[in-house]
Structures are given as structure tokens and as C-alpha cells.
Amino acid sequence: MISVTAWEWIGLFIGMVIGGLAEAWGISNPEVLIRLGKWQDRLFVGCIAIAIGAGALALYGLAALGVAFHWGVKPDYVLGVAFGAALFGVGIAISGYVPGTVWMGLGEGRRDAIYALLGGLLGAASWTLIYQTSFGQWLISYDNFGQIYFGGKADTNLYVGFGIAVVWAIVMFSIAYFLPRYKGGKSCAYTSLHKSGKMSTVEQEKYIETAGMLMEGASMPLGKNNIAEKVNYHWTVSSKLFGVVMMSVGIIIGLMVVLEMFLHQIFGESTTYSWIVAKIWLPAGVYSYSTLVVHTIGWEPFSDIGTLFGAFLASIFFTRRFQSFNSVIPPSWETRFGNSQIKRAGGAFTGGFMMLLGARMADGCASGHILSGDLQMAVSSLEFFIVVIIFLLIAARLIYRKVN
């Protein structure tokens, strides 16, 4: 049995890698997740599917060979996970953020990420208070089937788990291959794997528009014939290059999560909010959830700081998308609600509140459930992902109904 437990500060460097890659991908921009909710741009789903598929194969393959991992399968308390996922999905639609991308947004210098952070802290505090009540205890205990994955109890039946992981990876890779990024187009994986795969004129226009959206409000000059220009625009005329890059990013992120589980723990980013609340507002020893968080916290604060710092470095030296906290409003939000900074601040705060309350209620977020959890083939995480997508799509349709 090969087993390692690394120092917690190692999480800082893991977070930097993931934060830097995700910033280059564009996910620190809230418009990306808003467009996902509107089902206009599905790149996020394709990249996450690649990460989950590659990670599941590596995780269960190595585990079957005798490598020990620090598993983090979330317990499946059906109603609590579903309620939390519903809040989480609506919160994403409103704010355009998930807990991890708030830190990335701060690293990229996005003003509305500040309000999302404050709302998130209030959401985490609200769950700390709810957890004390009989309703909170009912949510986490009713129909609680424990830590189970597709092959049974977590960290058991690993040879069976690897066989299931092969099938799971095929499902994930199929989603990445067949789900088009834009309506009427092809996926990045499809075009990059076909010799004759080319973007249509409409697709190319959408790619160029998306690149411009990601650069909107940037305080740094892009320049010519440098790495930043190539990262932002060169792929718009080379669909194969972009597809290869996106598939590579997905694989690297998936393998980084597996490396994290080998070294110390899963990749998760919402627990830090509850830890901050426990340290500055609702102390351990007085509030039971704060006590639980303080006693079980791992390297999440380090990895979250790393995520922020990685996004900052990428936005300065790699993509030149650093915002300097300019007054930039996501296009979909501006078209629907206007350019009022107060309205946008309120939306980011409210969405941040809902998604963090939901994340802590469900015991995980986009990182702990959707990425790390589905990579482990956790039943609770699959439930979480499905409910999040449903409520994200419904909420975005209702909120941005007048947006083209």
C-alpha cells in the first residue's frame, strides 16, 4: 500500500495551478456561468466532463493497484442535498459565481466578486445557525444513506469501482464529444479530433465575441504577437488548437484533483467560508457547526488562497485580463437589468448568499461535489449535479428571459 499525507500548506500550490488554469479557461468571469445557465455556451460542461472522466479512471485505477487515497465522498442525505443543490443552482444564475470562482474573480480583480464574497460569508453563517436547529438536523439525517459511490461504500470494492469508472469515463467523454459548445455547432473535442473538423462562420463569430467578452474591462494592454494575444485570440482561427488546449486543461484539472486526494484531501472551496465565519463571527465551542468545521478543516484555506493567487498571476502574465476592480457588468446582466452598479452589487451579493447557503447545506459545491465528488462517482454528488443544472437552467430562463 502506497500512502502519503502531505503538509497542509502544499494546498497553496495545488490551488495556484487550478486557479491559473481556470482563469485562462475564463471561468472567473461570471458571464461564462450565466451563459451556461442560458444554455448558450456549454464549454464548462465539456471541460468538467473531461476532468471527471480522466480523474475517475486515474483514481480508481491507481486505487485498485494499491495506492491509498484520502477519500472525500459526501454523505447522501437526499432531501438536504437536493434543497442545497436547488439553492446553489439559483445562486449561480443570479451571481454568475460558484464558491471557487469568487476567489478566482478576486484574483482577476473583478469588483462584483467582492459582493459575492460578502454574500457567501452571510450564506455560510446562515447555515451555521440553521445547523443548530431541529430543522437543520432533520435535513442532514432524513434519508441519509451515508458515504456511498456507484460501487458501494466509499473506499471499498475497488476493482469493481475501476470497472464502473471505465463506463463512467466513457459517458463523460461522450458528453464532451457530442455536446456542442454553441447551438448548431460542434464540441471542441469533436472538431479537434476530426481532420476535416472546422468551425462554421457563425461559430467563429461566436468564438471571437466570447474572446472579446473575456477581455472586457481588462486594465492591461493585450499587445501583439505575444502569448496573451495567442491565448485570447489565436485559437479563434484554429479550432483544433483550441480543442486540444481545452481537452488538456480538463485532463490536467482532473489529474490534479487525484493528486490532491493522494497527498491530503479532495479539492473543495466552500468550507473556507464557514471556517472564516467561525473565526470572526460564530465561534467554535458555541456553535456546533463551527466546532465541526474548525476541527475537521484541512488545507482548504491554503488552496483557496492559492486559487486566488493563481488566477491573479495568470491574469497579469498570461491572459492580461486583470480588471483592476473596474466597473464591469456581465453583458447578460446589463442587457436585462441595466448598468446600475448598485443592482449588480445586489445581484452578486444575493446570488453569493444563496449558493453558499446551498453549498454548506449540501456539504459541497462545484469543487467538492461536482468535480471531486463526481470524479469519485459519489451518489450524493451525482444528485447534486443534476439538481444544480435543472435549477440553474430554470432560474436563468426566468431571470434573463429578455436577453437574446
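It should be emphasised that the depicted structure is a prediction, and the values quoted were computed from it without experimental measurement.
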**Request:** For Tyr77 and Leu139, run side-chain contact (heavy atoms from CB on, under 4.5 Å): C-alpha distance rounded to whole Å, both residues' side-chain angles, the deciding distance at 0.1 Å, then the answer.
**Result:** CA-CA 7 Å; Tyr77 42 94; Leu139 278 176; 5.5 Å; no

**Request:** For side chain to side chain donor-acceptor pair (under 3.5 Å), just list the numbers for Asp112 and Tyr97, CA-CA rounded to whole Å, side-chain angles, deciding distance to a tenth of an Å, and then say yes or no.
**Result:** CA-CA 10 Å; Asp112 59 358; Tyr97 286 107; 2.5 Å; yes

**Item:** Test side-chain contact (heavy atoms from CB on, under 4.5 Å) applied to Phe88 and Leu392, step by step
**Value:** CA-CA 8 Å; Phe88 193 80; Leu392 169 61; over 6 Å; no

**Asked** Would Glu269 and Thr307 count as a side chain to side chain donor-acceptor pair (under 3.5 Å) if you check the C-alpha gap in whole Å, the side-chain angles of each, and the deciding distance to 0.1 Å?
**Response** CA-CA 9 Å; Glu269 298 195 287; Thr307 298; 2.8 Å; yes

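Residue pairs meeting the ring-ring contact (aromatic ring centres under 6.0 Å, His included) criterion with at least one partner in residues 334-374, sequence neighbours excluded, are Trp333-Phe337, His369-Phe384.
The aromatic rings of Tyr177 and Tyr190 sit tilted relative to each other, their planes meeting at an angle between 30° and 60°. Relative ring orientation between Phe69 and Trp71 is described as perpendicular, the plane-to-plane angle rising above 60° on a 0-90° scale split at 30° and 60°.
The side chain to side chain donor-acceptor pair (under 3.5 Å) search around Gln137 returns none, not counting sequence neighbours. For Ser288, the side chain to side chain donor-acceptor pair (under 3.5 Å) partners are Gln132, not counting sequence neighbours.
Between Leu313 and Phe318, every side-chain heavy-atom pair lies at or beyond the 4.5 Å cut-off.
Taking the six-membered ring for Trp and the full ring otherwise, Trp281 and Tyr273 have centroids separated by 6.0 Å or more. Taking the ring centroids of Tyr287 and Tyr131, they lie at or beyond the 6.0 Å cut-off. Taking the ring centroids of Tyr60 and Phe150, they lie at or beyond the 6.0 Å cut-off.
Listed for the Arg321 side chain is a donor-acceptor partner under 3.5 Å among the backbone atoms of Glu23. Not one N or O on the side chain of Ser270 forms a donor-acceptor pair closer than 3.5 Å with the backbone of Pro99. Formation of a donor-acceptor pair under 3.5 Å by the Thr350 side chain with backbone atoms of Gly347 is not found in this model.
Screening Met220, Glu108, Met104 for a side-chain contact (heavy atoms from CB on, under 4.5 Å) involving Ser315 leaves a single residue, Glu108.
Geometrically, Arg35 does not engage Phe44 in a cation-pi contact, judged by NZ or CZ lying under 6.0 Å from the ring centre and within 45° of the ring axis.
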